[in-house]
There are 2 protein chains.
Amino acid sequence: MSGDPTIYDIAARAGVGIATVSRVLNAHPRVKVETRDAVLKACADLGFRPNRAARRLAAGGPNRPRVAALAPLFATAFAYGVTRPLAAGLAAAGIDLVLYDIPDRETKQRTLDRLLGERACEGLVLCSMGIGPERAAQFAAARIPVVAVDHPCDGLPAATIDNRAAMRLAVEVLRERGARRIAHLAGGDALAYRERRAGFVAAAGAAAPVVPAETPTREGGAAACGILLDAHPDIDAIACASDAIAVGALEECRRRGLAAPDRIQIMGFDDQPFMDVIGLSTVRQPVAGFGAWAAQAVAALCADPGAAVTPVLLPVSVVERQTTRTPAAPSRRRGR
Amino acid sequence: MSGDPTIYDIAARAGVGIATVSRVLNAHPRVKVETRDAVLKACADLGFRPNRAARRLAAGGPNRPRVAALAPLFATAFAYGVTRPLAAGLAAAGIDLVLYDIPDRETKQRTLDRLLGERACEGLVLCSMGIGPERAAQFAAARIPVVAVDHPCDGLPAATIDNRAAMRLAVEVLRERGARRIAHLAGGDALAYRERRAGFVAAAGAAAPVVPAETPTREGGAAACGILLDAHPDIDAIACASDAIAVGALEECRRRGLAAPDRIQIMGFDDQPFMDVIGLSTVRQPVAGFGAWAAQAVAALCADPGAAVTPVLLPVSVVERQTTRTPAAPSRRRGR
DNA sequence: GCGCGCTATGGAAGCGCTTCCATGAGCGGC
DNA sequence: GCCGCTCATGGAAGCGCTTCCATAGCGCGC
């Protein structure tokens, strides 16, 4: 009786057989009320908690394959677009999807540990996050295929966008719309943000101002925009690392009386819901494409661990709205 | 060998013992390469898929309690606010959270069936959805506590808001801001939408126009708003059943050249992210309160099935922004 | 050439539960 | 008052896997 109590402990304490305990726990008829109460009391006394694994094993039932998806589900609306097609694709392949919200690094590690330790899944989708080589090796050893989305990861098949090129495109569009002094509001240390920053520097030159936002949020964007404008009042366009940052910047500009797009143009990144209402021009991410690719890739790998899954680079496009100037030509979108 | 293959089948086919099969599957060292390959080949040939439950049972390890949360995770940003505090509260109680996205009725039933059949959780949180009495009985029989949030459900402890009163409050605020002819853009058949509609009718009178949106989305809102304005051009305020509907209505009004709030006032419901940027006045839901309550309630019930959990009615407040007129008094918010 | 230690492997004992089957007790009808 | 029933219950056999322990084979040193 060291460790958690089992039905044997309950049976002993209630003075009945284990079969009876099982009947009580499963709400079978044909158990005398007093027996039932005695068992229930014993359960309560001992703090009994049936073992899920044992129940499932004994009860039989199908052993459906399961894939876990880790993502910062509620940090932005990014998961909106990714998760739906992922769930749909996996359901079509007869695979269950379990979602884990990963707000921070520590949660990520804990979740991965648990997934590995409990052998809780047959496949893994990593959204907007990477794992180290040791982790990858652990999953390989456990024969659990892993695919990544929105974040490349050494040795893992991944669907990504070319963040550098995307940011270069953003700068190009701003230039074509008449911008002369373009600045960048960068995100944090995450790979995607670093790449966007590198893309900006490549396109706008090392001399162009770059201010990192404390956090990739509206507040962070507003604060960074304030710093930027104080230091470089002549800026006439800002390419931002995310929509949230861009909205913060837009608010800060409005606060200072700088009209967009006439006095200053602003470009976001992501194209989250409602950005069209806000009128933010932005770089649109292929979120649904990420989800669909991940579903297909992980399903293939689950079915056959040796399957060849090709990494893909999904296209982005610039959606021009009210925070950039109207193009001379009639086209409203630029793809790449 | 009827049914799924087991390690015995693999062992037989590869001409080895089951212990060796297990070693291969768990990447133990000390297995000759050729033996390993033979086992792997047998696995591939037979389409072997280890049984998760058996692995966990045999491997031992902790049997952490687990709560499942069902919600339309990605329909709106509602889950943003609910899930975070829910996850945090459960983590503090040592309980794992598993999220299930429920886009439609069928998925709900399928998920509940599976949860019940696989005894996959020790507790359930229902977000924005109800279950029938038979379902509730099934969970009661399985001794799985269920709590509801944002949607009352017979016999289940729930955290809700008073949708009727909330909508009445919205109408009152609009009136105080000078509205004379107030209309309602209703949502669908969901209980919350029906109650909001009833609250509107109670406050505005049976003669006040009500147009149901085909879907509680921007598109649905815009279309319904068009119908409303065609039929009642003299409307000077719209109380909407959701923010999405309100944004659609706002867009439609702009399209028709009706300025908000001067010509027409618009009130949303929810206070989703970015509504402040859009400037939408709206009824704010206590989303974080829902999550926190659910965590505490279900944790208490898991620990002690007999625990007394009191249903709560959480307060809502009206957040006045740019789609309603500036109040004469300096206060910007009204609570209830 | 024999024994030792090491490696690769098989056998078997559970993990905690569900459930089939058997047992015993109580009970109405003849 | 005995027989055949039904009802409540206990015993034991797995569910498919991991892992401890034992065993067989083998190369090496003396």
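No experiment lies behind these values; they were computed from the predicted model shown. In the text below, chain A, chain B and the rest are named by the order of the sequence lines, each starting its count at 1.
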Determine, for A:Arg49 against A:Asp4, whether the closest basic-nitrogen to carboxylate-oxygen distance falls under 4.0 angstrom.
-> no
Using a strict 4.0 Å threshold on nitrogen-to-oxygen distance, state whether B:Arg135 and B:Asp113 make a salt bridge.
-> yes
4.5 Å side-chain heavy-atom contact, B:Leu25 and B:Cys43 | yes
Any B:Asn26 side-chain heavy atom under 4.5 Å of B:Arg55 side chain = yes
Which pairs, protein N/O on one side and nucleotides 5-8 of chain D N/O on the other, fall under 3.5 Å?
none

What integer distance in Å separates B:Ile7:CD1 from D:dG16:C1'?
-> 6 Å
Rounding to a whole Å, what distance do you find between A:His28:NE2 and C:dC17:C1'?
-> 12 Å
Are B:Asp37 and B:Lys41 close enough for a salt bridge, meaning some N to O gap below 4.0 Å?
-> no
Indicate, with a heavy-atom threshold strictly under 4.0 Å, whether A:Gly15 touches base, sugar-phosphate, or nothing.
-> sugar-phosphate
When we call it a touch if two heavy atoms are under 4.0 Å apart, what does A:Asn26 touch: a base, just sugar-phosphate, or nothing?
-> sugar-phosphate
With a 4.0 Å cut-off, would you call A:Glu122 and A:Arg143 a salt bridge?
-> no
Please work out if A:Ser22 contacts a base, only the sugar-phosphate, or nothing of the nucleic acid, heavy-atom cut-off 4.0 Å.
-> base
Please state how far atom CG in B:Leu46 lies from atom P in D:dG16, giving the value in whole angstrom units.
-> 14 Å
Does A:Asp101 reach the side chain of B:Arg84, with side-chain heavy atoms less than 4.5 Å apart?
-> yes
If we only count heavy atoms from C-beta on, is the A:Leu313 to A:Ile161 side-chain gap below 4.5 Å?
-> no
5′-ward residue of the pair B:Arg119/B:Val16 relative to DNA chain C = B:Val16
Between atom CG in A:Leu25 and atom P in C:dG16, what is the gap in whole Å?
-> 15 Å
Strictly under 3.5 Å: I want the nitrogen or oxygen pairs between protein and nucleotides 12-15 of chain C, one per line.
from, atom 1, to, atom 2, distance (Å)
C:dC15, O2, B:Ala58, N, 3.3

Minimum side-chain heavy-atom gap B:Ile144-B:Leu115 below 4.5 Å = no
Remember a base hit wins even if backbone is also touched, and classify B:Arg23 as base, sugar-phosphate or nothing at under 4.0 Å, heavy atoms.
-> base
